[in-house]
Amino acid sequence: MKLRFLGGTSTVTGSRYLLSDDNHRLLVDCGLYQGVKTLRRRNWAPFPVDPSTINAVVLTHAHIDHSGYLPALVKNGFKGKIYCTKATHELCNVLLPDAGYLQEEDAKYAARKKFSKHESPEPLFTEKDAREALKHFESLHYHETFEPVKGFEVSFTPAGHILGSSCVHVHHKGSDRTVVFTGDVGRQNDIIMRPPEPLQHADVLVCESTYGDRLHGESDPEAVLAEIITKTAGRGGITLMPAFAVGRAQMLLYVVHKLMEEGRIPDMPVYLNSPMAIKATEAFIKHHKEHKLDQSQCALIDDQTQYVRTVDEAIELDTMRYPCVIVSASGMASGGRVLHHLKTLLPNPRNSIVFAGFQAPGTRGDALVNGAQKVKIHGAYWPVKAEIHNLDSMSAHGDYNEILAWLEQGNLKPDKVYVTHGEAVASDTMRKHITEKFGWDTEVPELFEEVDI
Ligand SMILES: [Zn+2]
């Protein structure tokens, strides 16, 4: 069996890994590149192997950096099935058409502003392409073994990162070798997600390293958030939380309502301004057995949150002059409705902006948490006067200590580990941590490298 790294090397985006033998090709994850322009440009390069020669795709989870290239793959000739867990399927139903819509909007914007080299810039894929890709989906339960491609047996185990997220286990019958892709790995003690299930066997492990060189720290994120919201409200300001529509948005809403119920922050309206996050919240409530919150805790989110669905409602929200909390996507402020709020709220020192997850280099989120004095939004610069906070400890990714602890809980003796899904320094530091702790042969692969496993 061969493994080729088609993405997710020295970056946290564009996860794509190709497994093959003499007769078949199985792609694990099919993500979009995000962040700095040199990475985003890679989305436009021809896919490194002809999509029509790939027999099937398996997804670790729904996030766009793992699933977002699927509509382009189908558009360019992929004919097989796309396998994932049930919740991942449901979330992709929401995320992929939205990604297509955003691609179309970007192309229109480029045409209007004439900053594209092309006469009439085309989107990478459209909402219609995304709906076409969704017809290829087939969902399975965790721990159910299936054979997406002859000779490759696959199963999913919970990865604790977001709803439906999984580690993908692939057993190649011909060589009797098992490779496990961790996907994105969740926390040992997350507020809403259960911890990732320990891995029992892998000959080869492909491990993420988003926080390969960082720890989340000991501070209690609920207490920190309570203090920020209370102080901001005290000076008549608004707390804006840019959040990933799937995952952290639901967690933040739950924490805010819990703090309010416990009297740790003043009563005030809480808005969720992201049509996608609203749909993801509905899926989160429906699949309550897959996470820590019970039905009454889910009801707390649902009853107390004011969902902002239409653009008119969103514009009205921007004129708000009294304390409130707004959760809006996207989480790295790279697009979405949160940009409109930032334009209104950033120039005023009364307000607070709270990021709650990994900020990829090159994004506005990254610039803001690193102290930018102004940021460019919709072609103009906006001064940063609001307080900026980064609650890294609310991330949906385990830090390196949590991942090492999780690997130790299992029964692993891999003969090779490949570290992916991290910035270059983070991946290399993770490589050192794994080698030092377990003595396993560990490497950081290069883009397009192919290895015999
Ligand atoms: Zn993810």
Side-chain angles (χ1 to χ4, degrees), residues 7-9 11-17 28-35 39 57-70 84-85 87-92 94-96 98-99 156-168 181-188 190-197 206-212 214 216 242-252 274 276-277 280 283-284 287 290-291 329-332 334-336 355-361 363 365-366 392 394-400 402-403 406 419-423 426-427 430:
T9 53
T11 160
V12 293
T13 65
S15 280
R16 309 160 176 182
Y17 311 110
V28 177
D29 280 349
C30 187
L32 265 192
Y33 281 103
Q34 296 167 312
L39 283 177
V57 179
V58 177
L59 294 184
T60 60
H61 66 294
H63 276 154
I64 287 298
D65 55 322
H66 294 257
S67 72
Y69 192 79
L70 283 169
C84 60
T85 63
T88 297
H89 185 181
E90 218 163 295
L91 293 172
C92 282
V94 179
L95 287 170
L96 292 181
D98 183 78
F156 299 113
T157 54
H161 168 62
I162 59 164
L163 197 66
S165 68
S166 56
C167 299
V168 169
F181 298 84
T182 65
D184 291 359
V185 182
R187 313 289 304 274
Q188 286 296 304
D190 192 59
I191 296 168
I192 59 169
M193 295 304 297
R194 296 204 187 92
E197 188 174 296
V206 179
C207 184
E208 76 122 315
S209 57
T210 311
Y211 286 92
R214 275 191 279 167
H216 290 317
F244 298 93
V246 174
R248 293 301 90 175
Q250 290 74 38
M251 188 268 269
L252 289 168
S274 157
M276 199 168 42
F284 183 80
H287 290 272
E290 278 193 31
H291 52 74
S330 72
M332 297 191 249
S334 45
F355 289 91
F358 186 79
Q359 302 300 317
T363 58
D366 181 55
D392 235 13
M394 282 190 154
S395 166
H397 289 267
D399 62 23
Y400 68 80
E402 288 173 282
I403 292 190
W406 169 64
V419 178
T420 60
H421 199 289
E423 298 304 317
S427 290
M430 190 71 185

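Indexing begins at 1, ligand by ligand and atom by atom, following the structure's order.
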Inset, instruction - Taking atom types as modelled, find out whether D399 and H216 have a side-chain donor-acceptor pair closer than 3.5 angstrom. - result: no
Inset, instruction - Taking the Zn ion (ligand 1) as the centre, count the protein N/O/S atoms lying under 2.8 Å from it. - result: 4
Legend entry - Donor on one side chain, acceptor on other, H61 and S166, under 3.5 Å: no
Inset, instruction - Using a 4.5 Å cut-off on heavy atoms from C-beta on, say whether the side chain of I64 contacts that of Y69. - result: no
Inset, instruction - Could you check L91, I162, I192 and say which one makes a side chain to side chain contact (heavy atoms under 4.5 Å, CB included) with F284? - result: I192
Legend entry - Side-chain ion pair, D190 and R248, N-O less than 4.0 Å: yes
Inset, instruction - Using side chain to side chain contact (heavy atoms under 4.5 Å, CB included) as the criterion, point out the one residue from R16, H66, H63, H421 that pairs with D29. - result: H66
